[in-house]
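Chain A is the first sequence line, chain B the second, and so forth, proteins listed ahead of strands; every chain is numbered from 1.
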2 protein chains.
Amino acid sequence: MLSNSSKYAINAVLYVAVNSSIENKILAKDISRETQIPQAYLSKLMQELTRHNLISSVRGPNGGFYLTDENRGVSLLQIVNVIDGDNRLTSCMLGLHACDHQHPCAVHHLVGDTKTRFVENLEKTTVQDLVSDIKSGKSFLGI
Amino acid sequence: MLSNSSKYAINAVLYVAVNSSIENKILAKDISRETQIPQAYLSKLMQELTRHNLISSVRGPNGGFYLTDENRGVSLLQIVNVIDGDNRLTSCMLGLHACDHQHPCAVHHLVGDTKTRFVENLEKTTVQDLVSDIKSGKSFLGI
DNA sequence: AGATTTAAAGACTTTTTTATCCTTTTTATG
DNA sequence: CATAAAAAGGATAAAAAAGTCTTTAAATCT
């Protein structure tokens with residue numbers, strides 16, 4: 001479904017979203033420890049997310065990662081697209097280029113609407129939405 | 001979503017389903033040419049499917065691949081499970097072991113039912129179902 | 001200014017997935 | 001029985017993904 005890297009990225013961003021603020025930034029080392037994501041690899045992913053302005057960071061003492069209000073409005077799809085590339089989720093299930101609604105592949109109809117709905121969910125769900133869920137106890141943050 | 005290998009496998013099985021019968025078996029070479037799947041790699045996949053009795057084959061002159069009536073009742077999920085392993089589709093979206101319905105991860109609810117429904121679709125859709133669709137022009141077989 | 005802390009960046013290694021090549025076994029047929 | 005046709009099987013190679021290590025740049029604090 002998602003690559004390992006995307007899973008890591010979402011977990012890490014959520015961890016930052018819940019546990020940090022501009023005054024209270026969080027280090028790659030700490031994210032790594034709490035999420036079990038290998039530190040060096042995590043750093044790469046965070047770098048990439050920062051470069052695309054999906055999260056924020058500052059270097060040096062008291063630096064680290066944090067989210068601005070704008071960052072909190074980022075959707076899960078944006079995160080996935082930056083890490084996995086734009087068409088991992090939307091490409092044809094059988095890998096056929098010619099496949100679309102007019103000209104559906106053999107499995108298109110049995111995937112079509114559920115996949116579309118799933119991608120739509122990823123698109124409309126923001127980091128902040130998930131933080132609210134977590135804070136209200138609706139879901140938990142992985143360890 | 002699915003690995004390349006699974007996509008190949010489904011495409012190949014469907015090609016065999018539509019274009020062959022016990023009297024008219026089809027060669028790896030021909031499947032490869034028509035589906036654009038690299039022959040040697042395709043052979044490996046077919047081998048694996050044969051070993052798990054999802055498709056049938058005979059060696060030697062006039063040999064090749066074909067499907068029995070039983071093979072035509074095989075579900076897409078069986079194919080995917082043989083090629084990709086059992087939990088590629090059912091594991092947690094964020095890769096968390098502790099995630100389940102009682103204890104859902106942050107993205108669980110926005111994936112939960114669509115993913116479940118998708119896997120159910122794969123489970124209940126047989127090769128024969130897709131052949132019917134293709135023959136009635138509802139969908140097409142990739143090239 | 002110098003030392004320290006931290007992310008950014010780049011080079012590298014390992015593992016997994018995808019792909020190829022070559023040999024062996026099975027089956028049919030002349 | 002010899003030969004050819006085909007899948008099965010094993011060993012290897014190439015590419016992509018995942019992961020590590022080392023150096024560089026930026027920010028802060030004495």
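Remark: Q39(A) is not in phosphate contact with dT20(D), judged by side-chain N or O atoms under 4.0 Å from OP1 or OP2. Contact annotation: Y8(A) side-chain N/O to dA18(D) OP1/OP2 distance is not under 4.0 Å. OP1 or OP2 of dA8(C) has at least one side-chain nitrogen or oxygen of S57(A) nearer than 4.0 Å. Between dA8(C) and T50(A), a contact under 4.0 Å exists linking OP1 or OP2 to a side-chain N or O.
Between E120(B) and R117(B) there is no salt bridge, since no side-chain N of the basic residue sits under 4.0 Å from a carboxylate O of the acidic one.
Within the 3.5 Å criterion, the main-chain N or O of A17(B) finds a donor-acceptor partner in the side chain of R72(B).
Under the 3.5 Å distance criterion, with hydrogens and angles disregarded, no donor-acceptor pair is assigned to the side chains of T90(A) and N87(A).
Residue N62(A) has its side chain nearest to dT28(D) when only dT27(C), dA8(D), dT28(D) are considered. Taking the side chain of S3(B) as heavy atoms from C-beta on, and the options dA18(D), dT18(C), dA8(D), the nearest nucleotide is dT18(C). Considering only side-chain atoms of A28(B), the nucleotide from dA18(D), dA7(D), dA4(D) that sits closest is dA7(D). In this structure, of dC21(C), dT20(D), dA7(D), it is dA7(D) that holds the atom nearest to the side chain of L27(B). Taking every side-chain heavy atom of A40(A) into account, dC21(D) is the closest of dA8(C), dG9(D), dC21(D).
Nearest-nucleotide positions on DNA chain C for P61(B) and S43(A) put S43(A) closer to the 5' end.
When the C1' atom of dA14(D) is taken as reference, atom OH of Y41(B) falls 13 Å away, rounded to whole Å. Atom CG of L42(B) is separated from atom C1' of dG9(D) by 15 Å (rounded to the nearest Å).
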